[in-house]
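Any value given below was found using the heavy atoms of this structure, including those in side chains, with hydrogens, waters and symmetry copies removed. Chain A is the first sequence line, chain B the second, and so forth, proteins listed ahead of strands; every chain is numbered from 1.
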Amino acid sequence: MKNTYLYENNKIIKKDYSLVICEKPEAARKIAEALSNNTYRTQKVTDSIVFNLNYKGKELVICSALGHLYKINLAKTQSKLPRFDYSWTPINKPKNKAVIINSKINLIKLLSKDAKEFILACDLDQEGETIGYNILKYACNEKQKIAKRVKFSTLTEKDIKNAFSNMEKHIDIDLAIAGRTRHVIDCMYGINISKALSLAFMSYSNKYRTLSIGRVQGPTIAYVVENDLQIETHVPLPFWSINAYIETTENGKTTWLKIKYKKEKIIEKKEANNIIKNCKGEKAIISKINKNNFKINPPVPFNLSELQKKAFKLYKLNPYQTLNIAEKLYLKALISYPRTASQKLPTSINYRKIISNLSKLPEFTRITNNLLKKKKLTPTQGKMSDNAHPSIYPTGKMTKFQLSNTEKKIFNLIVTRFLELFEKPIIGKINLIHFNIGKYIFLSSSKKIKKETNSKHNKENKKHVNFQIAEKFNVKRIRMEENFETAPRPFNQITLIEKMEKENVGTKSTRANIIQTIIDRAYIKGTKLKSTHLARALVEVLQIYSPLILSSEMTRKMEKQLEEIENRKTTQEKVLTISSKNLRLIIKEIQKNNILIGKKLFSATKNLVIQSTNNSLAKCTICKKGDLIITSNSRNRALICSNSVNESCIVKASLPRFGLIKIYKKSCMTCLWPKIKTVFKGNPWIFCINPDCPSKRKRKL
DNA sequence: GCAAGGTC
């Protein structure tokens, strides 16, 4: 039977209710549950669920948005750049989502007509206030002036009830204006500069190409470019470490034990030689034993980003793919809602039932049966929490559908992690033993696990030997090992997101999207993200004309201005006047140098050889076609094959910063790469330039 | 077309 207490024949039939506006459907449901002790009623109105209940004699109607329903638009009527005329309009994308968003706006418009009170219940942050302000202003006809505000930071019954008993009389208009200013600044800078770059490109090449830049894209591109330059100009300087082997007896058998010299990096070879010389003929004597306990807890529950990290590490699935797969698993009811930051599991979940259901999966039977023997099942909990959703866990439901290979992988990851949460921590002892050989200290550690568990998460179990202070050992061998400083690692999608987090640019819900955008623009590419020539040209250009947009400073400065708006120390108008003034200067300079900038960017989209070959030192020993040339910037220099520019040859290596470089007459015997000869600290130095040359891995001297 | 920010 159809329930028609709220809505009938396209009309709202209730009157004089309080309309509660939430940011997302999940929040509306949780509020209805909390305030009504689960006695709320629901009805579908224009495709959305609306909740109705009586709370302390008040008739509440609770509806929800879907994040932002309105966005900023720059007027296209303004033909000259920069464009400053803007307006707020409903979001309409030519996708299914637009339909939902339009119906959300229509729903709220409909519900607002007969409401006598408006209560804003969006998330408690700047964007939440902005989302609510815009809905109240545009969909509810200027009700931002009279709307009340409920403030809760978790969606628990206690917090929600508390918020409704201590309602604020007004929404925070200043915070909303600060949020709206953020939208305007991002739109103004992003669209105008992007457009100006695209036009510069066009003016030189007569071709259209979408070039984009923004407050978050800028620094993100710059991180990758900077990192790549560091990798390319990295100088693999050598350093030395020293190992000694002492004779020990164990169960009547004589074996050698490796002990390491305390200083792990010796910069001067002379120093290493000296130590070895001085140790000759000496015995190793135990001078100190540090005894410590250790405890390794099981891992914490998966939130989305930890799941994405694990999936990338194990299967090279990028964060996007993992989210897509997790969403499919969620729709098949195999796992809980995946878009969550939480690392906690609520006690209301029946762990035993889920585990016993999972035991039907043959690959998990052994672990589940062991867990089911336990009297009490208590999972570990992580630190992070999320208002709306718990961490990701398997529901214990089985599917009749066949899972794809990758779906199966992600599902198994989630199950494995869930089962690990109930394992016991691993407890043990670790001893750090100090040996004196002459006046030098060498170290060795040993670990003993106290309780054996069936857990997989610790495999180290070094044999524990009972050593005594002042015990003496023969030193059978002592030698040094040559190592090379390694270059910084290239970014991947996970580490780039981490870098953005660390620098505080973007938000958790936009970072992955923005990385995808700069991949789509051909600024970065590959699993190991590498900057393209286009990105490098773009960074060079912007460093001259708009360095601020390449730096996380722009976010810092903007946040400071927004805070001042929020605290009424300044106004939106003042901030926007300053911003538009700066922007006008930037656009003017870009336009003045249109052709130059266009040429630079256009050339970078072609695989042009950037170096002329008349400074060739020799023919490349690998591809036999290209010329070996030296490239340099202010700080570093590198030797490259001219064919490495279009990636048809791999020869590319950093060079020492100082000294004359000559190509050595013979190439490397191991890898065939060119060798060079230079003078290093007064001595001639001949070495293979290949940073990955097998001969460099662990050369024993 | 172009940004960044919500949420599905």
Side-chain angles (χ1 to χ4, degrees), chain A residues 22-28 47-49 64-76 78 81-83 86 88 90-91 93-101 103-104 122-123 125-135 176 178-202 207-221 304 323-324 326-328 330-331 337-341 386-389 500 505-518 520-521 549 554-555 558-559 562 579 583 587 590:
Chain A
C22 306
E23 188 167 320
K24 45 186 167 246
E26 188 63 20
D47 295 333
S48 291
I49 301 285
S64 68
L66 262 176
H68 281 288
L69 301 186
Y70 296 86
K71 65 166 189 148
I72 204 134
N73 266 324
L74 288 187
K76 290 211 170 88
Q78 232 182 324
L81 290 187
R83 293 172 178 165
Y86 68 88
W88 287 88
I91 293 174
K93 279 185 187 165
K95 283 184 186 168
N96 318 349
K97 272 182 197 173
V99 181
I100 300 169
I101 284 181
S103 80
K104 287 280 182 194
C122 287
D123 289 1
D125 53 28
Q126 184 176 281
E127 289 304 322
E129 211 73 12
T130 309
I131 289 167
Y133 177 100
N134 286 342
I135 292 171
R180 279 163 59 101
T181 312
R182 203 271 308 147
H183 286 251
V184 181
I185 291 174
D186 278 337
C187 184
M188 246 167 45
Y189 269 80
I191 290 182
N192 280 308
I193 300 180
S194 299
K195 180 98 185 162
L197 291 170
S198 300
L199 288 176
F201 188 94
M202 174 96 90
K207 287 189 174 107
Y208 176 77
R209 185 183 179 104
T210 300
L211 293 167
S212 67
I213 198 73
R215 177 175 56 81
V216 181
Q217 284 187 34
T220 307
I221 298 162
L304 178 60
L323 174 59
N324 282 338
E327 256 166 5
K328 279 184 192 160
Y330 166 67
L331 291 175
Y337 186 72
R339 284 173 191 259
T340 174
D386 188 312
N387 279 343
H389 309 280
M500 294 167 83
V505 297
T507 68
K508 76 178 197 315
S509 44
T510 56
R511 288 182 188 117
N513 284 321
I514 286 169
I515 291 175
Q516 191 55 49
T517 303
I518 64 181
D520 294 343
R521 301 271 180 271
I549 210 158
M554 178 158 175
T555 299
M558 187 193 72
E559 277 167 352
L562 298 185
S579 297
L583 184 59
I587 299 294
I590 292 178

Does [N] have its OP1 or OP2 closer than 4.0 Å to a side-chain nitrogen or oxygen of [X]?
X: A:T510; N: B:dA4; value: no
X: A:S194; N: B:dA3; value: no
X: A:T507; N: B:dG6; value: yes
X: A:R511; N: B:dA4; value: no
X: A:R521; N: B:dA3; value: yes
X: A:Y70; N: B:dG5; value: no

Given B:dC2, B:dC8, B:dG6, which nucleotide is nearest the side-chain atoms of A:S212?
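Per side-chain heavy atoms of A:S212, the pick is B:dC2.
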Let's see if you can work this out: which of B:dC2, B:dA4, B:dG6 has an atom nearest to the side-chain heavy atoms of A:R182?
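So the nucleotide nearest the side chain must be B:dA4.
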Okay, side chain of A:S198, backbone of A:L211: is any donor-acceptor separation there less than 3.5 Å?
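Flag set: sc A:S198 to bb A:L211 pair under 3.5 Å.
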List for me each residue that meets salt bridge (charged side-chain N to carboxylate O under 4.0 Å, His left out) alongside A:R521, sequence neighbours excluded, and say none if there are none.
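Checked A:R521 against salt bridge (charged side-chain N to carboxylate O under 4.0 Å, His left out); zero matches.
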Taking for each residue the nucleotide of DNA chain B with the nearest heavy atom, is it A:I191 or A:Y337 whose nucleotide lies nearer the 5' end?
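The residue closer to the strand's 5' end, by nearest nucleotide, is A:I191.
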For A:K328, give me all partners under side-chain contact (heavy atoms from CB on, under 4.5 Å), at least two apart in sequence or on another chain.
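A:K328 satisfies side-chain contact (heavy atoms from CB on, under 4.5 Å) with A:E407 only.
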Take atom CE of A:M558 and atom C1' of B:dA4, then tell me their distance rounded to the nearest Å.
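In whole Å, B:dA4 C1' lies 9 Å from A:M558 CE.
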